[in-house]
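Report on the following structure.
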Amino acid sequence: MSELEYLSVLNDEQKAAVVHSGSSLLILAGAGSGKTRVITTKIAYLIQQKNISPYKILAVTFTKKAAQEMKERAVKIEQNAQYCQIRTFHSFGSYFLRRYYAAANVDKNFTVYDDDDTVTLILKANPSITKKQATHYAHLISLAKDYCLLPDDPLLDSISSESFFRTVYEQYENRLRETGNVDFGDLILLPYLVLRDNENIRKSVHNQFKVIMVDEYQDSNVAQFKLLELLSGVKENSGTYVCVVGDDDQSIYKFRGAEVQNILNFQNMFPNTDVIKLEKNYRSTQEILSCAQYVVENNKGRLGKNLISARGKGKTPALVFLQTQDDETEFCADIILQSAKKGIPFSDWAILYRTNAQSLGFETEFMHKKIPYQVVGALKFYDREEVKDIISWLSFIVNPKDEISFRRIANKPARGLGEKSQDKIVEAGLGKSLLDQCKNISFSKKAKEATEEFVKLAESFISLLPDLMEDEKKKSLVESALLDENAEEEIETPAETEADETEKENSSYRNLSDYIKAIVKDSGLYEYYKEKDELFLTQKVLNLDELINSASSFSYSREGLLDFLDHVNLDRTLETEENSSTDKVTLITLHNTKGLEFKRVIITGMESGIFPRDGKDEADMEEERRLFYVGITRAMNELYFTSCATRKLYGHINYTNPSLFLNELDSKCLRVLGDVPEGFTLVKQPKQKQAKASLSEKYCKGAQVYHDDWGYGQIISAKVSDEGEYTVKVAFETGGIKTFMPEYQSHSLLVIE
DNA sequence: AGTGCAACTCTTTTT
DNA sequence: GAGTTGCACT
């Protein structure tokens, strides 16, 4: 085959991963090893060279951002990649459930309940418990669903052995099914159950998707694994090609049900899996990668990788010891300002911390010194009260069985439809349209008037929302029928469709924004929040405008509205253009940095009790260590660590010790600036016998090596010295022969495998 | 139903 | 120390 242009930019391993076929594939992609490039190129390659229909390719990611980026980059290489299903796991679940809603026993127009909604529903299903308990159970239920455990599963004990928990879980499930809606866990769990119990649907899906790829596989949970298993039909000889990409060293979401065993055991669950490692790192300099390597090698349960930089040695990372956290924020501000004087943009810099609370100090200091910054992930636009109110209206309009949304909007602004009346309406007919219930129940005169007002309002909103045009409907019917053969369909709602044009005649609104605008106004919430804004100097009306704005690209129809609600519910962040384009320092938690990169990174709060946090068992420590690894590998050119002697915590000043992780860094890959606290040493790597054995295997006679200063060479002899040190002689291509001790030089003398 | 004050809790959180 | 929650009071 002739060398294709887009293949020629790949290294050998990347290329192998792209052209691989025939069996399942596990790509172990180290940080910064170009894994997105590999996946997107693979998608293009499958379409162009392997003649795979793009409709038959499914790629799932964990974040919307990742999905968007993947799609954009794939389409850049191959236009037809736009017809692939490239979605987040949860968005795929939603897409699946809208198609097979009947088999899943959910409402066709379901919306997704968030964690708060779950708590409320638990409380309503079981009024005797406190809110605190409900929150606790909500957490357990979500975990149970992540592990694919139903209320009657004996294994539920592994989540909690409390017998009452089963009761709460079961009551919650019943109540949730009555609403017709789903929670986050259901978006994975229900598709799994549908596939498990319906052979015909399973067969049809196996026909639809012949290629399935999963990104960030190390953070998949048990339910996601089981779903993948059924989607791929691996046990039924479906012939579907499965390719998962991940890095076991970057698994940081165990507390949310991520199961690192999924990637460690992948080869057992998918027989004949080939494994390709991507270890060439194009992001960071070698000194930064050495730090990362020293740290992560302290973990036991890992597949093992060794990142090699394609960018040379670079600047040695620096560790700075400071007295107080005020010194820390000042240090960060000053180093950024100094660099700014040299013309380095603010956007080169990222401040990383373990907990959100730590951002505050930086915000005040940066404000003072006029350093522009953005806090990533902290503000959750769609969690704001006023925004949730409107979302509740919209959810109720598409699904009037939605108890939670009903309760939220029924009496806001106050119209005399209080909680007692709401209870009456809801409990009189669980699982029925609450609007119908409103009409069927007899109230006192006051409550009756209030209820009538609410019903009138809701019905007028509903009547103004058209379904898709008949033509569109027919088209989607045909599509469904054709599903097995050739699942051609629109993946995303186009911004402007012909349907929009025709619909103009049917109503006064041009697009979904106008419709939502009308709801904001007519519901009385606009006035309600306008008054609040004036009283408390808030910006709630502004947020409502923002919400209205964000709907402008969705079509004005029931389907468009459902799309919009999915968009909102399945991505809690609202991207505003100013955030991404201007020159600002990024303040961000370590968790949120996954998938990102910055030229200059400062990892702050390197203190015991902060990072790693207290009360961690050994497994948790390994996860914290992976988090540290993720943080380090975000840096491209410069990396700093700061550690304070004292830190204010919950209003008290605490004397802290340097983080244990700092001791795991070798003095060779770290400069220490400032005073070193008493008793602190950068220890050399613990020399275990095992390490020595593998060292002599790795650095064996004949092995090809690369050295930072000397270039490429080959080991011509190896022996254990009189002092018991393992030494090797290397003949370099340049002609020189040098002796090395791999135990101490493994980061500068690299074996090429 | 809305306000005020005491009590409480305080990781990380792609979806 | 700060932000949230819950209860009591009007």
Side-chain angles (χ1 to χ4, degrees), chain A residues 60-69 87-94 112-116 118-119 130-132 134-136 138-139 142-143 145-146 182-189 214-221 223-224 250-258 325 352-361 376-378 380 382-383 385 411-420 446 450 531-532 535-536 566-573 588-596 605 609-616 620 623-624 626-628 630-631 647-654:
Chain A
V60 286
T61 64
F62 280 82
T63 68
K64 201 149 181 163
K65 206 171 158 192
Q68 272 162 1
E69 191 192 345
R87 290 171 172 271
T88 66
F89 247 117
H90 289 84
S91 147
F92 174 78
S94 172
V112 184
Y113 280 151
D114 67 15
D115 297 347
D116 282 348
T118 298
V119 172
T130 64
K131 185 162 187 193
K132 202 185 152 198
T135 309
H136 167 70
H139 180 236
S142 140
L143 215 54
K145 290 189 175 184
D146 286 346
V182 301
D183 59 22
F184 277 122
D186 285 339
L187 287 174
I188 310 299
L189 183 55
V214 185
D215 191 19
E216 304 280 13
Y217 187 68
Q218 76 281 354
D219 282 323
S220 60
N221 61 36
Q224 284 161 337
Q250 292 188 65
S251 173
I252 55 173
Y253 282 103
K254 183 177 171 225
F255 68 96
R256 287 187 67 151
Q325 58 192 354
L352 277 48
Y353 36 78
R354 180 62 176 70
T355 66
N356 276 314
Q358 286 165 258
S359 77
L360 209 81
V376 172
K380 296 204 173 96
Y382 297 111
D383 281 350
E385 183 197 3
N411 200 33
K412 202 171 188 180
R415 54 174 69 86
L417 182 45
E419 199 175 351
K420 285 279 173 303
K446 186 173 159 253
E531 278 171 29
K532 286 214 163 185
L535 264 169
F536 305 105
D566 266 2
H567 167 83
V568 166
N569 290 326
L570 302 183
D571 182 14
R572 318 296 290 154
T573 55
I588 190 167
T589 62
L590 284 150
H591 279 89
N592 265 325
T593 61
K594 202 173 75 171
L596 305 179
I610 303 289
F611 186 36
R613 283 187 67 83
D614 279 334
K616 296 281 178 186
D620 288 341
E623 176 138 321
E624 293 272 303
R626 290 193 290 268
L627 188 57
F628 189 35
V630 167
R647 182 168 294 270
K648 247 195 245 168
L649 206 58
Y650 307 140
H652 299 286
I653 290 175
N654 289 30

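Numbers restart at 1 for each chain; the letters A, B, ... are given by sequence-line order, proteins then strands.
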Tell me: [atom1] of [X] to [atom2] of [N], nearest whole Å?
X	N	atom1	atom2	value
A:Leu570	B:dT14	CG	C1'	12 Å
A:Phe92	B:dT15	CZ	P	18 Å
A:Glu419	C:dG6	CD	P	12 Å
A:Gln358	B:dC10	CD	P	17 Å
A:Arg354	B:dT12	CZ	C1'	4 Å
A:Asp186	B:dT15	CG	P	18 Å
A:Leu360	C:dA2	CG	C1'	9 Å
A:Gln250	B:dT13	CD	C1'	17 Å

- Message: Would you measure the distance from the C1' atom in C:dG3 across to the matching atom in B:dT14 and give it in whole Å?
- Response: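 One C1' to the other, the span is 26 Å.
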- Query: On a whole-Å scale, what distance lies between the C1' atoms belonging to C:dG6 and B:dT11?
  - Reply: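 Per the computed distance, 25 Å lies between those C1' atoms.
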Nearest to the side chain of [X], which nucleotide is it out of [options]?
X	options	value
A:Ala414	B:dT13, B:dG2, B:dT15	B:dG2
A:Tyr253	B:dT15, C:dT5, B:dT14	B:dT14
A:Lys594	B:dT15, B:dT14, B:dT11	B:dT14
A:Phe255	C:dT5, B:dT12, B:dT14	B:dT12
A:Arg613	B:dT11, B:dT12, B:dT15	B:dT11

- Item | Note: A:Arg256-A:Asp146 ion pair, threshold 4.0 Å (strictly below) |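 A salt bridge is absent here (no side-chain N lies under 4.0 Å from a carboxylate O).
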- Task: Answer yes when A:Lys412 and A:Glu385 have at least one side-chain N-carboxylate O distance shorter than 4.0 Å, and no when they do not.
- Result: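 Salt bridge present between A:Lys412 and A:Glu385.
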Using only side-chain N and O atoms of [X], determine if any of them is under 4.0 Å from OP1 or OP2 of [N].
X	N	result
A:Lys132	B:dC8	no
A:Thr589	B:dT13	yes
A:Asn356	B:dT11	no
A:Asn569	B:dT15	no

- No-H, no-angle donor-acceptor pair, A:Arg256 side chain to B:dT15 base, under 3.5 Å: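 Indeed there is one.
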- Of A:Thr355 and A:Asp115, whose closest DNA chain B nucleotide lies nearer the 5' terminus?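 Nearest-nucleotide comparison on DNA chain B picks A:Thr355.
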- Message: Return whichever of A:Glu624 or A:Leu187 has its heavy-atom-nearest nucleotide of DNA chain B closer to the 5' end.
- Response: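 On the 5' side of the pair lies A:Glu624.
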- Sub-3.5 Å donor-acceptor pair from the side chain of A:Asn221 to the main-chain atoms of A:Gln224, do we have one?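 Side chain of A:Asn221 to backbone of A:Gln224: a pair is present.
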- So, A:Thr593 side chain and A:Leu596 main chain: donor-acceptor pair closer than 3.5 Å or not?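 No, the answer is negative, given that no donor and acceptor are paired below the 3.5 Å cut-off.
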- Item | A:Asn356 versus A:Thr589, side-chain donor and acceptor atoms under 3.5 Å |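 Looking only at side-chain atoms, A:Asn356 and A:Thr589 do not form any donor-acceptor pair under 3.5 Å.
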- Stacking of A:Tyr650 on B:dT9 base (centres under 5.5 Å, planes under 30°):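 No; centroid distance or tilt outside limits.
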- Locate the shortest heavy-atom distance separating A:Val376 from A:Asn592; write the atom from each residue and the value.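 Residues A:Val376 and A:Asn592, closest heavy atoms: O-ND2, 3.9 Å.
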- Message: Using a heavy-atom cut-off of 4.0 Å across all strands, would you classify A:Phe89 as base, sugar-phosphate, or nothing?
- Response: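 No contact.
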